[in-house]
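Data first, discussion second: the structure below is written as structure tokens.
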Number of protein chains: 2
Amino acid sequence: MNISKAANAADLPVKTVRYYADIDLVPAPSRSDAGYRSYDEASIRKLVFVRRARLFGFSIDECRELLGLYQDQDRTSAEVKRIATKRLTEIKEKQLELQSLHDELQHLVGTCRGDHRPDCPIIDFLG
Amino acid sequence: MNISKAANAADLPVKTVRYYADIDLVPAPSRSDAGYRSYDEASIRKLVFVRRARLFGFSIDECRELLGLYQDQDRTSAEVKRIATKRLTEIKEKQLELQSLHDELQHLVGTCRGDHRPDCPIIDFLG
DNA sequence: ATTAGTCTCTCCAGTAACTGGAAGGTCAAG
DNA sequence: CTTGACCTTCCAGTTACTGGAGAGACTAAT
């Protein structure tokens with residue numbers, strides 16, 4: 001399977017698939033005589049796995065780690081849970097941060113008349 | 001005032017202040033004979049302004065715009081409010097995204113026993 | 001057999017906003 | 001006069017791609 005078919009099957013841009021091969025995250029299992037990357041079903045499953053993990057916000061390095069666990073029949077669920085829990089903690093932290101950001105900015109936007117006059121509590125707050 | 005004093009006063013790393021000068025966001029108002037950047041009170045206020053705006057998640061380009069409005073006595077509060085409202089919308093979108101991410105991952109982590117056994121709903125879901 | 005169009009390849013550069021480090025000039029204190 | 005802290009510029013690296021150039025490969029139609 002050439003790269004565009006594989007990319008299509010995994011719902012990823014061709015460029016991204018090539019990139020994942022370059023960084024050895026999901027290498028093409030073989031090459032044609034002309035040097036074309038050739039993908040099989042197993043590698044497409046890996047590409048899909050990575051796409052989903054990326055959607056969850058796992059970094060490339062975490063994807064690499066998860067992919068290793070994905071392919072390892074002997075890994076424990078504890079290993080996987082550790083990575084997912086770490087990510088969950090990051091998400092919670094980011095949520096708190098965004099919430100206070102939201103509240104403050106909401107307040108500022110609420111108190112700014114937003115008219116033709118120059119006085120502006122937003123600028124006053126920042127300056 | 002040399003760069004390290006200015007950076008200290010604005011609570012920014014020296015590297016960052018130099019960077020802001022390089023990209024012409026907050027240039028040093030003058031240079032010493034030896035070529036040292038020299039900062040005055042006005043530029044420190046601008047550095048502080050940028051630091052606060054960055055904390056709010058405004059991009060460098062937005063900071064550039066806000067800084068222009070900050071220094072413009074004739075600008076209307078509507079111009080400022082527009083940028084802040086845009087940022088607020090982005091924050092809300094990101095919050096929604098994070099919330100669904102959180103819920104899904106929370107669920108997966110909750111259903112994974114995280115023990116020595118290999119079966120893992122997190123991997124199953126991603127694969 | 002040639003040609004047009006659609007692949008594919010590699011390599012280079014750019015994105016955002018810094019950060020780290022090397023090599024070298026400057027300044028104040030002892 | 002030397003030591004140490006400061007300053008300068010320039011280059012490289014970070015994350016995860018994305019865009020594009022230039023060149024080779026493959027397919028279908030003429």
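A quick note: this is a predicted structure, and the numbers were derived from the prediction, not measured. Residue numbers start from 1 in every chain, and the chains themselves are labelled A, B, ... in the order their sequence lines are given, proteins ahead of strands.
- Atom CD in B:Glu90 sits about 14 Å away from atom P in C:dA16, given to the nearest Å.
- The residue A:Ser59 sits close only to the backbone: its heavy atoms come under 4.0 Å of sugar-phosphate atoms, none of a base.
- Contacts of A:Tyr20 with the nucleic acid, taken as non-hydrogen atoms under 4.0 Å apart, involve only primed sugar atoms and P, OP1 or OP2.
- Nucleotide D:dT15 holds its C1' atom 17 Å from the CZ atom of A:Phe58, rounded to whole Å.
- Atoms CG (A:Asn8) and C1' (C:dT6) sit 15 Å apart, rounded to a whole Å.
- When distances are taken from the side chain of B:Tyr36 to each of C:dC9, C:dC18, C:dG25, the shortest belongs to C:dG25.
- Note: CG (A:Asp22) to P (D:dT18) measures 14 Å, nearest angstrom.
- Considering only the side chain of B:Lys15, D:dC10 comes nearest among D:dC10, D:dC7, C:dT8.
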Evaluate the criterion side-chain contact (heavy atoms from CB on, under 4.5 Å) for residue pair A:Glu97 and A:Glu93; output intermediate values, then yes/no. CA-CA 6 Å; A:Glu97 192 187 325; A:Glu93 282 167 7; 6.0 Å; no
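- Place A:Pro13 and A:Ser32 on DNA chain D by their nearest nucleotides, and A:Pro13 ends up nearer the 5' end.
- A side-chain donor-acceptor contact under 3.5 Å links B:Arg51 to the backbone of B:Ala10.
- Note: the hydrophobic cluster containing A:Ile123 also contains A:Phe125 (ILVMFWY, side chain heavy atoms under 4.5 Å, direct or indirect links).
- Residues B:Asp103 and B:Ser100 bring no donor and acceptor atom of their side chains to less than 3.5 Å of each other.
- Using cut-offs of 30° and 60° for the angle between ring planes, the A:Phe49 and A:Tyr70 rings count as parallel.
- Between the CD atom of A:Glu62 and the C1' atom of D:dT15 there is a distance of 13 Å, rounded to whole Å.
- Protein atom OH of A:Tyr19 is 17 Å distant from nucleotide atom P of C:dC9, rounded to whole Å.
- Sequence order on DNA chain C of the closest nucleotides to B:Asp33 and B:Asp61 puts B:Asp61 first from the 5' end.
- Within the 4.0 angstrom heavy-atom criterion, no nucleotide atom of any strand lies near A:Ile23.
- Under 4.0 angstrom from either OP1 or OP2 of D:dT18 there lies at least one side-chain N or O belonging to A:Thr16.
- OP1 or OP2 of D:dC17 lies within a sub-4.0 Å distance of a side-chain N or O belonging to A:Arg54.
- For the OP1/OP2 pair of C:dT10 and a distance below 4.0 Å, the side-chain nitrogens and oxygens of A:Arg37 include at least one atom meeting the criterion.
- Closest to the side chain of B:Ile3, out of D:dA16, C:dC18, D:dT8, is D:dT8.
- Side-chain N/O atoms of A:Ser77 and B:Asp119 include no donor and acceptor closer than 3.5 Å.
- In this structure, A:Leu12 places its CG atom 14 Å from P of D:dA16, rounding to the nearest Å.
- Here C:dT10 is the nucleotide among D:dC10, C:dT10, C:dC18 with the atom lying nearest to any side-chain atom of A:Arg31.
- A close approach under 4.0 Å does occur between a side-chain nitrogen or oxygen of A:Arg18 and OP1 or OP2 of C:dC9.
- Residue B:Ser4 places at least one side-chain N or O under 4.0 Å from the OP1 or OP2 atom of D:dC7.
- C:dC27 atom P lies 16 Å from atom NZ of B:Lys5, rounded to whole Å.
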